[in-house]
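Here is the structure we will look at, set down as structure tokens.
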Amino acid sequence: MFITFEGIDGSGKSTQCQLLRDGLESKGFKIFVTREPGGTKIAEAIRNILLHIHEPIEAMTEVFLYCAARNEHLEKIILPKLAEGYIVISDRFFDSTIAYQGGGRGLGINRMKEINNIFIKKATPDLTFFIDADISTIEKRMENKELDRIEKEGMQFMEKVRQGYLDLIESAKEYREFMTIDGDLEINEINEIVLKRVEELLENERG
Ligand code: ADP
């Protein structure tokens, strides 16, 4: 099973990935948690370019760098771990490109979907959680954090990214499962919702 978490920066994805791992591991499942961009040495080096080199970048260059990192991550980590029987949980996957570059940078949802087709054929998540926190809540959460290049884009950009996610979910919900969760809920409340849905899916798979 392949599960992804999506949402704007600071929405609580990485917190929920760890909590889901803990919850499933305590029930005896084999879990592998990973994140994008990253996961291999080369993909982490690309992550460093994307997040920590503070110089303007052409929007399509950004797309291809994310895709290059994703290809490494998918071929070397995600697919092998799934084949070994792990439940793979990824903090971001290709939906982030649709929302950030398609919505945030204005390159268009459909154009980004076409590029993502390369990956969709190899691994489509069985379940994607979209954590939808209020922008002003996130602004407060990020107040004391040292911001990376994308986080520095500011809240207007994040609002466009959020809209990108909403448009994507609207256009893809017939083909894939997205579960939108209110990111303003307490951390433990979100974890309970997530865990319940994943356990239901695992039950269905068994039964
Ligand atoms: P992301 O991975 O989406 O960028 P994080 O999981 O790193 O977000 O969370 C960003 C910050 O917000 C962290 O300090 C985290 O403890 C806090 N946080 C996460 N989820 C919640 C929540 N539901 N309520 C309050 N604070 C939260």
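Only this structure's heavy atoms are used, side chains among them; waters, hydrogens and symmetry mates stay out. Numbering of ligands and ligand atoms starts at 1, following listing order.
Figure legend: Arg70 and Phe119 shown as a cation-pi pair, the cationic atom lying under 6.0 angstrom from the six-membered ring centre and within 45 degrees of its axis. Relative to the six-membered ring of Phe5, Lys13 misses at least one condition, a distance below 6.0 Å or an angle of at most 45° to the axis. Geometrically, Lys81 engages Tyr86 in a cation-pi contact, judged by NZ or CZ lying under 6.0 Å from the ring centre and within 45° of the ring axis.
Given atom 1 (P) of ligand 1, the protein heavy atom at minimum distance is Lys13 NZ, 3.4 Å. What sits closest to atom 4 (O) of ligand 1 on the protein, heavy atoms only, is Gly10 N, 2.8 Å. Atom 23 (N) of ligand 1 has Leu185 O, 2.8 Å as its closest protein atom, hydrogens excluded (heavy atom only). Remark: minimum distance from atom 8 (O) of ligand 1 to any protein heavy atom is reached at Gly12 N, 3.1 Å. Scanning the protein for heavy atoms near atom 12 (O) of ligand 1, the closest one is Arg141 CD, 3.1 Å. Atom 21 (C) of ligand 1 has its closest protein heavy atom at Ile187 CG1, 3.3 Å. Counting protein heavy atoms only, atom 7 (O) of ligand 1 is closest to Ser14 OG, 3.1 Å.
Within ligand 1, counting atoms from 1 as listed, the ones closer than 4.0 Å to a heavy atom of Thr15 are 5 (P), 6 (O), 9 (O), 15 (C), 19 (C). Within ligand 1, the atoms closer than 4.0 Å to a non-hydrogen atom of Gly183 are 23 (N), numbered from 1 in the order shown.
Without hydrogens or angle criteria, Glu189 side chain to Glu186 main chain gives a donor-acceptor distance under 3.5 Å. Here the side chain of Ser96 pairs no donor or acceptor atom with the backbone of Arg92 at under 3.5 angstrom. Without hydrogens or angle criteria, Arg141 side chain to Gly10 main chain gives a donor-acceptor distance under 3.5 Å.
Between Asp9 and ligand 1, no N or O atom pair is found at a separation short of 3.5 Å.
When the shell of 6.0 Å around CD of Glu84 is examined, it contains more than 12 heavy atoms from other residues, nucleotides or ligands.
Within the 4.0 Å heavy-atom criterion, the part of Ile190 lying near ligand 1 is the side chain and not the backbone.
For Gly7, the heavy-atom gap to ligand 1 stays at 4.0 angstrom or more.
The aromatic rings of Tyr100 and Tyr165 sit perpendicular to each other, their planes meeting at more than 60°, with 30° as the lower class boundary.
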